[in-house]
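Residue numbers begin at 1 in each chain, while the letters A, B, ... track the order of the sequences.
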There are 2 protein chains.
Amino acid sequence: MDAAPAPDAGPSAAHDPKPEAKARRATIGDVAERAQVSKSAVSFVFNGRSGVSEAARARILEAARELDWRPDSRARALSRSRAQALGLVVRREPELLSTDPFFPQFVAGVESGLSGLGYALVLQVVDGEETERAAYHQFARESRVDGVFLTDLRADDERPAQLDGLGLPYVLVGPVPPVDGRPRPIGVDDEAGVRRAVRHLYALGHRSIAHVAGAPGYVHSDLRRRAWEREMVELGLEPDLVVVADFSGASGARATHELLDLPRPPSAIVYGNDLMAIAGISVATERGIRVPHDLSVVGFDDVPLAAFVVPPLTTVRQEVIEWGRACARTLIALVEGREPEEVRLPPVEFVVRGSTAAARHRPGAAAGR
Amino acid sequence: MDAAPAPDAGPSAAHDPKPEAKARRATIGDVAERAQVSKSAVSFVFNGRSGVSEAARARILEAARELDWRPDSRARALSRSRAQALGLVVRREPELLSTDPFFPQFVAGVESGLSGLGYALVLQVVDGEETERAAYHQFARESRVDGVFLTDLRADDERPAQLDGLGLPYVLVGPVPPVDGRPRPIGVDDEAGVRRAVRHLYALGHRSIAHVAGAPGYVHSDLRRRAWEREMVELGLEPDLVVVADFSGASGARATHELLDLPRPPSAIVYGNDLMAIAGISVATERGIRVPHDLSVVGFDDVPLAAFVVPPLTTVRQEVIEWGRACARTLIALVEGREPEEVRLPPVEFVVRGSTAAARHRPGAAAGR
DNA sequence: CTGAAAGCGCTAACAC
DNA sequence: GTGTTAGCGCTTTCAG
């Protein structure tokens, strides 16, 4: 208590970051001066433009290093009329947020696509349609970002039209059917994954294969459901055992009960995601139905836990990180007015683990022919 | 091939957002003109400062609405010398990224704390120490953000010192012991959760309680481990059964094998997180050891799946969203030079499910006394 | 209470 | 090749 006006007053959570290093941050002018060149020369060097002699260039780089100077992103953004940032608006129900394997992986992929290109990723989490719309509006009107990723597309999604109106470039992320006049969507082939799952079960002798669908209205839920339907039909089976759930564990449990309560329960279930599948296994086990002996189960996503539940989950895996990277690169090309490279993503992978097995012949079950 | 220089050339994923609406975005000048006032009047209104008559104020708001104008964040950032953005650098190994329930929830919480305050969240995912350091450096030197969240603190973490050097404000996120001269950390009481888990098992008659620790070097891993140790000692038990893992499912499985291979395997295991615990259950089951009949298991995190595995996992839950919100508010106060409010987070919750049960008296097991 | 004017730090024409 | 200069759109003194 002897240091008079103590610079650090009070036991707060605050942290005052000016011990004395409040020395004005270097600017492009300082660098130019130190390197004996004009500001534009410095600018040119840091923007990869020609027109600076090798000698000057070396001095500039050296001066910048000595001053630890980097172009101020705010000033740069203002004068280039570009934010140098890309936006991602995530709309999620609380329960799904921390379960969804997509979001973190996608973000990681996007980052790796952005890396070194001078773009930042601006994230916004919203909880409803209204706030979602407002988020895009704000991104655009405040020039926070130069473009956005559109994920979790819904049937009749209004966001593409909204963004067109706002003049904000975007990439459609997901297994979305292309629409003329719209940017081509970037996504993996969910359909192929589901079809392989159904065929796999068929090959194991299953003829009564149910589907627990994800939240309706989302393109990826509906697509997975239709893929199941189509494959069933192609195999000559009736696609009648479907329960609509919402991707949550609770809904998966509920749907499973519903299916198992049927007079003729299915011998296999294809779930719209792993979370529902794992909940389904839990429900079956609880009811004394052994997986995979009495019931085969397939998930979708291949969450890291999938390999560690009992029994290990047979599921469909996508390379989400790769996917995010491709989206980032495409969006950058887009906002910079360049032609994006053709995107070619690895196909989905069908991962067979312990939750699927040969169908047991149950008397009374709808066996083949 | 007849439309000469077609404005939309090629079947690309690109999307050109200028159908004609390239109408120059409104600026503060347009609003001022329309409202018959000066630019500063508009600025004052949008910054909540007094000095504008009610009439003028109303006209300004009306004009802004008509023009759909919002202050340009880039220009505002430049003139206020503030980015109006907060940064989060996430360093994660690929496998853990999509499993970790913390990250998405924390982000959601931060967003809800930011909401309406005009700050954006800038995210960066990095994969190593070097890129991590570079990320903070870049955030600071380019003035991308006004402050950052520091998560996943490590013992002897160099980031606080780095950020002090860079003059970038931060909040420490986690169950970190406070250090004088540093901003007070914001976190929940991991220790209490682990201690409750151990006491719970003790009350069930377990005397041989092992711990599978998370990645060493992280404050939260070490804290959980020490909490287990301390509680064991207080209960008069020997804290000798500990295996160091790394939070991944694979490591949890390995650690579990190791413990079960012991001549006198534990009757209960407290894991550093749910993922390892679930992998542990899987391993035990595989080996013919029934959970909870032969082995009790406790996790940490309460991932959404925890309730749906077989058996449902007894675990410790934290209110991560609430936590993120508090961090956001504190950091904003910090960067704005205000005194942050005292943070009071809800205590951890111990969730008892089906993976713990009374200890079975095994002959030869180290029973009480 | 209102208006004019000087920046914020950088980019990009445009002369030299 | 290199330097000069005028903005980018907003905030914020400082006169009126």
Side-chain angles (χ1 to χ4, degrees), chain A residues 22-61 63-64 67-85 118 138 140-144 146 336-337, chain B residues 22-60 63-64 67-85 118 138 140-144 146 336:
Chain A
K22 196 65 178 186
R24 189 178 60 82
R25 185 121 80 225
T27 75
I28 194 172
D30 302 328
V31 176
E33 190 180 344
R34 189 177 193 105
Q36 320 250 51
V37 296
S38 72
K39 294 196 296 176
S40 36
V42 178
S43 176
F44 274 33
V45 167
F46 274 80
N47 287 291
R49 297 174 47 161
S50 60
V52 182
S53 69
E54 255 323 307
R57 180 190 173 73
R59 287 206 312 279
I60 289 169
L61 257 16
L67 267 44
D68 195 18
W69 176 85
R70 317 265 251 116
D72 182 298
S73 70
R74 299 163 303 189
R76 195 203 280 246
L78 185 57
S79 58
R80 299 218 292 210
S81 303
R82 193 183 284 160
Q84 297 285 8
Q138 187 174 339
R141 281 291 166 265
E142 297 182 355
S143 297
R144 273 274 185 205
D146 302 315
E336 295 186 347
Chain B
K22 197 64 177 188
R24 190 178 59 82
R25 185 122 78 226
T27 74
I28 194 172
D30 301 328
V31 176
E33 191 179 343
R34 187 177 194 103
Q36 319 252 50
V37 296
S38 71
K39 294 197 294 177
S40 35
V42 178
S43 176
F44 277 29
V45 167
F46 274 79
N47 287 291
R49 294 175 48 162
S50 58
V52 183
S53 70
E54 257 320 309
R57 180 190 173 71
R59 286 206 311 280
I60 289 169
L67 265 42
D68 195 17
W69 176 85
R70 317 265 250 116
D72 182 299
S73 70
R74 300 162 304 187
R76 194 201 280 246
L78 184 57
S79 57
R80 299 219 288 213
S81 303
R82 193 183 284 161
Q84 297 286 10
Q138 187 173 337
R141 280 290 165 268
E142 297 182 355
S143 298
R144 273 275 186 201
D146 302 315
E336 294 185 346

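The side chain of A/Arg57 places no N or O atom within less than 4.0 Å of a non-bridging phosphate oxygen (OP1 or OP2) of D/dG1. Proximity of A/Ser43 to the phosphate of C/dA12: no side-chain N or O atom is located under 4.0 Å from OP1 or OP2. In this model, the phosphate group of C/dA12 is not approached by any side-chain N or O of A/Asn47 to a distance below 4.0 Å at OP1 or OP2.
Partners of A/Glu336 according to the salt bridge (Lys or Arg N to Asp or Glu O under 4.0 Å) rule, which considers only residues two or more places apart in sequence or in another chain, are A/Arg338. Residues meeting the side-chain contact (heavy atoms from CB on, under 4.5 Å) test with B/Gln138, sequence neighbours left out: A/Arg70, B/Glu142. Every residue was checked against the ring-ring contact (aromatic ring centres under 6.0 Å, His included) condition with B/Phe44, not counting sequence neighbours, and none meets it.
Nucleic acid contact for B/Arg49: sugar-phosphate only, since backbone atoms but no base atoms lie under 4.0 Å from a heavy atom of the residue. Using a 4.0 Å heavy-atom criterion, one finds that B/Phe44 contacts the bases of the nucleic acid, with or without backbone contacts as well.
Note on the helix from C/dC1-D/dG16 to C/dC16-D/dG1: terminal axis deviation equals 40°, with five pairs used at each end and the result rounded to 10°.
Interface residues of residues 69-80 of chain B facing DNA chain C, ordered by number: B/Leu78, B/Ser79; criterion, heavy-atom separation under 4.0 Å. Near DNA chain C, meaning a heavy atom under 4.0 Å away, the residues from residues 33-42 of chain B are B/Val37, B/Ser38, B/Ser40.
Looking only at distances, a side-chain donor or acceptor of A/Arg74 sits under 3.5 Å from a matching main-chain atom of B/Ser81.
Following rounding to the nearest Å, A/Ile28 (CD1) and C/dC8 (C1') show an atom-to-atom distance of 14 Å.
Taking the side chain as every heavy atom from C-beta outward, B/Arg76 and B/Asn47 approach each other to under 4.5 Å.
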